[in-house]
J.: 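Can you keep this structure in mind? I'll have questions shortly.
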Amino acid sequence: MHIFDQKKELDSFLQKERNKNHTVGLVPTMGALHQGHLSLVKTALTENDLVVVSIFVNPTQFDKKDDLEKYPKNLEQDFNLLKSVSKHIIVFTPSTDEIYGNSIKSKPYQFDGLDKVMEGEFREGHFDGVGTIVELFLKTVSPTKAYFGEKDFQQLQIIRKMVESKNLPYQIIGCPIEREPNGLAMSSRNERLSKKVRQEASFIYNTLLTAKTKFGTESAYNIREWVKSQFEQNTFMKLEYFEIADEDTLTPMLKKQIDRKYRAFIAVYANDVRLIDNLRLN
Ligand code: PAF
């Protein structure tokens, strides 16, 4: 496994690989790797000769300083996990300085309103930060394909939009959510939950599953109200939002249209840990 922290060195390594006609996949991460990340890496390894895994906790996508500071970091363990998967992995772990120099700022983007709802409403500037870093990693690595988890479904759609609107020659691949045995969506943030709360957090996925059942017969309004009432009775978790939205436009569903695909999206605080999840409804 090769590890680089400088863009220049990574670039000259990848140039040589491309000269040998080797294809390159990219899996961008913020580290604290878990099985969800590893499943992205494994998919990428089946479709490319080499896979670059970037590990970088991107400061410009955090709207709260506290959240950035508490974001779990475990580089040694990340390296060991990746080594156990394959020797065809290249890790890119740049410093903040290498990426941003002395101007830690994001660029402004137009995402056609995809960034104005749900996560965008509650995390100001978040998607400009994501756009900035993902565009930079895509251009640095120049992969044929880049892989993102569907747990951050809104992020995935926004990255697709960015690549399409800027005509960037990379394929964006969405991969299914990996779940813990109790249904909780895998996330680096789960490490910050107590054992008890981590168990109780199965409530999030169970609520989504019931919402899916209700979707067959009830209105989006009724389902939203039902979810709110469920969380009002839950002492471990506080609901930030629950939305049923169109998969492509991410606009909230008002009236069901048979030719559209819908998803339920949820954000919850479990103590001070913010968790998100989503589930396809039809
Ligand atoms: O999903 C994430 O972990 C991050 O938002 C990403 C895509 C690595 C960009 O920092």
J.: Just by modelled atom types, is the Lys7 backbone N or O under 3.5 Å from a matching donor or acceptor in the Glu98 side chain?
T.: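 Yes; judged by distance alone, with no hydrogens or angles, the pair exists.
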J.: Any idea which heavy atoms bring Asp11 and Thr140 closest together, and the distance?
T.: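 For Asp11 versus Thr140, the nearest heavy atoms are OD1-O, 4.2 Å.
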J.: Measure the NZ-NE2 distance between Lys42 and His37 for me, rounded to the nearest 0.5 Å.
T.: 13.5 Å
J.: Got Phe137 and Ile99 here, is their nearest side-chain heavy-atom distance under 4.5 Å?
T.: yes
J.: Would you mind reporting whether Phe4 and Pro94 have side-chain heavy atoms less than 4.5 Å apart?
T.: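 No. Closest side-chain heavy atoms not under 4.5 Å.
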J.: Check step by step if side-chain contact (heavy atoms from CB on, under 4.5 Å) holds for Asn282 and Lys261.
T.: CA-CA 6 Å; Asn282 64 336; Lys261 290 245 180 306; 4.2 Å; yes
J.: Is Val53 reachable from Phe92 through a run of hydrophobic residues whose side-chain heavy atoms are each under 4.5 Å from the next?
T.: no
J.: Roughly how far, to the nearest 0.5 Å, is the CG atom of Leu10 from the CD1 atom of Ile3?
T.: 12.5 Å
J.: State, to 0.1 Å, how close Ile223 and Ala211 come at their nearest heavy-atom pair, and which atoms those are.
T.: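 Of all heavy-atom pairs spanning Ile223 and Ala211, the closest is CG2-CB, 3.8 Å.
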J.: Starting from the C-alpha separation in whole Å, work towards a yes-or-no answer on side-chain contact (heavy atoms from CB on, under 4.5 Å) for Asp128 and Thr60.
T.: CA-CA 8 Å; Asp128 280 344; Thr60 63; over 6 Å; no
J.: Before you tell me yes or no, could you show the steps for Glu135 and Lys139 under salt bridge (Lys or Arg N to Asp or Glu O under 4.0 Å), namely the whole-Å CA-CA distance, both residues' side-chain angles and the distance that decides it to 0.1 Å?
T.: CA-CA 6 Å; Glu135 186 179 358; Lys139 288 182 173 167; 2.5 Å; yes
J.: Near Tyr221 OH, under 6.0 Å, is it more than 12 heavy atoms from other residues, nucleotides or ligands?
T.: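 Check fails, neighbour count at 12 or below.
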J.: Determine whether more than 12 heavy atoms belonging to other residues, nucleotides or ligands lie under 6.0 Å from atom CD of Gln6.
T.: yes
J.: Cationic tip of Lys256 within the cone over Phe215's six-membered ring, i.e. under 6.0 Å and within 45° of the normal?
T.: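 Flagged: Lys256 positioned over aromatic ring of Phe215.
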J.: Any side-chain to backbone donor/acceptor pair from Asp246 onto Asp248? Under 3.5 Å, distance only.
T.: yes
J.: Does any N or O in the side chain of Gln154 come within less than 3.5 Å of the main-chain N or O of Leu114, such that one atom is a donor and the other an acceptor?
T.: yes
J.: Describe, in one word, how the ring planes of Tyr71 and Phe62 are oriented to each other, choosing from parallel (under 30°), tilted (30 to 60°) and perpendicular (over 60°).
T.: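 Geometry flag for Phe62 against Tyr71: perpendicular rings.
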J.: Does Gly129 offer a backbone N or O that forms a donor-acceptor pair with the side chain of Asn58 under 3.5 Å?
T.: yes
J.: Atom CZ of Arg263 and atom CD of Gln157: how far apart are they, to the nearest 0.5 Å?
T.: 8.0 Å
J.: Would you say Asp259 has more than 12 foreign heavy atoms packed within less than 6.0 Å of its CG?
T.: yes
J.: Taking atom types as modelled, find out whether Asp5 and Thr93 have a side-chain donor-acceptor pair closer than 3.5 angstrom.
T.: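 Per modelled atom types, Asp5 and Thr93 side chains form no pair under 3.5 Å.
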J.: Measure the shortest side-chain to side-chain distance between Ser39 and Met186 over non-hydrogen atoms and say whether it is less than 4.5 angstrom.
T.: no
J.: Are Ile266 and Leu209 linked, directly or through intermediate hydrophobic residues, by side-chain heavy-atom contacts shorter than 4.5 Å (ILVMFWY only)?
T.: yes
J.: Could you see if Ile89 belongs to whatever hydrophobic cluster contains Leu26? Use Ile, Leu, Val, Met, Phe, Trp, Tyr and a side-chain cutoff under 4.5 Å.
T.: no
J.: What's the verdict on salt bridge (Lys or Arg N to Asp or Glu O under 4.0 Å) for Asp78 and Lys73, showing C-alpha distance, side-chain angles and the deciding distance?
T.: CA-CA 9 Å; Asp78 291 347; Lys73 290 172 200 75; over 6 Å; no
J.: Does Asn278 reach the main-chain N or O of Glu150 with its side chain, forming a donor-acceptor pair under 3.5 Å?
T.: yes
J.: Mind checking whether Leu208 and Phe242 have side chains closer than 4.5 Å, heavy atoms only?
T.: yes
J.: Would you compute the distance between atom OG1 of Thr210 and atom CG of Asn206 and round it to the nearest 0.5 angstrom?
T.: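 Nearest 0.5 Å value for the OG1-CG distance: 6.5 Å.
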J.: Give a yes or no on whether Val52 and Val91 share a hydrophobic cluster (residues Ile, Leu, Val, Met, Phe, Trp, Tyr; joining criterion: side-chain heavy atoms under 4.5 Å apart).
T.: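 No; tracing contacts between hydrophobic side chains, which count when under 4.5 Å, never links both residues.
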J.: Between Thr96 and Pro59, is any pair of side-chain heavy atoms under 4.5 Å apart?
T.: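 When only atoms from C-beta onward are counted, Pro59 and Thr96 do touch, with a gap below 4.5 Å.
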J.: What is the minimum heavy-atom distance between Tyr100 and Lys105, and which atoms define it?
T.: CE2-O, 3.5 Å
J.: Mind checking whether Ile276 and Phe153 have side chains closer than 4.5 Å, heavy atoms only?
T.: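 Heavy-atom side-chain distance check fails, nothing below 4.5 Å.
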J.: Tyr262 side chain to Gln257 main-chain N or O, any donor-acceptor pair under 3.5 Å?
T.: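 Yes; at least one donor-acceptor contact below 3.5 Å.
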J.: Is the Phe111 ring parallel, tilted or perpendicular to the Phe127 ring (thresholds 30°, 60°)?
T.: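 Phe111 and Phe127: perpendicular rings.
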J.: Out of curiosity, Leu275 CG to Leu193 CG, how far, rounded to the nearest 0.5 Å?
T.: 5.5 Å
J.: Taking only residues at least two apart or on different chains, which pairs with a member in residues 181-197 satisfy side chain to side chain donor-acceptor pair (under 3.5 Å)?
T.: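 Sorted result for residues 181-197: Asp67-Arg189, Glu180-Asn190, Arg192-Asp272, Lys196-Glu200.
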J.: Mind checking what makes ring pair (Phe, Tyr, Trp, His ring centres under 6.0 Å) contact with Phe231, not counting sequence neighbours?
T.: Phe203
J.: Please assess Lys70 against Asp66 for the test side-chain contact (heavy atoms from CB on, under 4.5 Å), listing each intermediate value before the final yes or no.
T.: CA-CA 6 Å; Lys70 286 188 181 154; Asp66 187 48; 3.5 Å; yes
J.: Give the cluster check for Val117 versus Met162: same hydrophobic cluster or not, with ILVMFWY residues linked at side-chain heavy-atom distances below 4.5 Å.
T.: yes
J.: Measure the OG-CZ distance between Ser219 and Arg224 for me, rounded to the nearest 0.5 Å.
T.: 8.0 Å
J.: Applying ring pair (Phe, Tyr, Trp, His ring centres under 6.0 Å), name anything that partners Phe56, two or more places apart in sequence or on another chain.
T.: none
J.: Using modelled atom types and a 3.5 Å cut-off, is there a donor and acceptor pairing between side-chain atoms of Ser202 and backbone atoms of Leu184?
T.: no
J.: Could you check whether any side-chain N or O of Asp49 sits under 3.5 Å from a backbone N or O of Thr23, counting only pairs where one atom can act as donor and the other as acceptor?
T.: yes
J.: Is it the case that atom CD in Glu124 sees more than 12 heavy atoms from other parts of the structure closer than 6.0 Å?
T.: no
J.: Without swapping roles, check the side chain of Asn48 against the backbone of Leu50 for a donor-acceptor pair under 3.5 Å.
T.: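 Here the side-chain-to-backbone pair does not exist.
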J.: Is there side-chain contact between Leu156 and Ile172, with at least one heavy-atom pair below 4.5 Å?
T.: yes
J.: Going through the distances and angles, do Glu119 and Arg274 end up as a salt bridge (Lys or Arg N to Asp or Glu O under 4.0 Å)?
T.: CA-CA 11 Å; Glu119 291 301 286; Arg274 190 170 183 279; 2.8 Å; yes
J.: Decide yes or no for Arg280 and Glu247: does some side-chain heavy atom of the first lie under 4.5 Å from some side-chain heavy atom of the second?
T.: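 SC-SC contact between Arg280 and Glu247 confirmed.
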J.: How close do Ala245 and Met118 get, heavy atom to heavy atom, and via which atoms?
T.: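 That closest heavy-atom pairing would be CB-CE, 4.4 Å.
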J.: Please walk me through it: do Asn222 and Glu225 pass side-chain contact (heavy atoms from CB on, under 4.5 Å)?
T.: CA-CA 5 Å; Asn222 278 356; Glu225 291 304 305; 5.5 Å; no
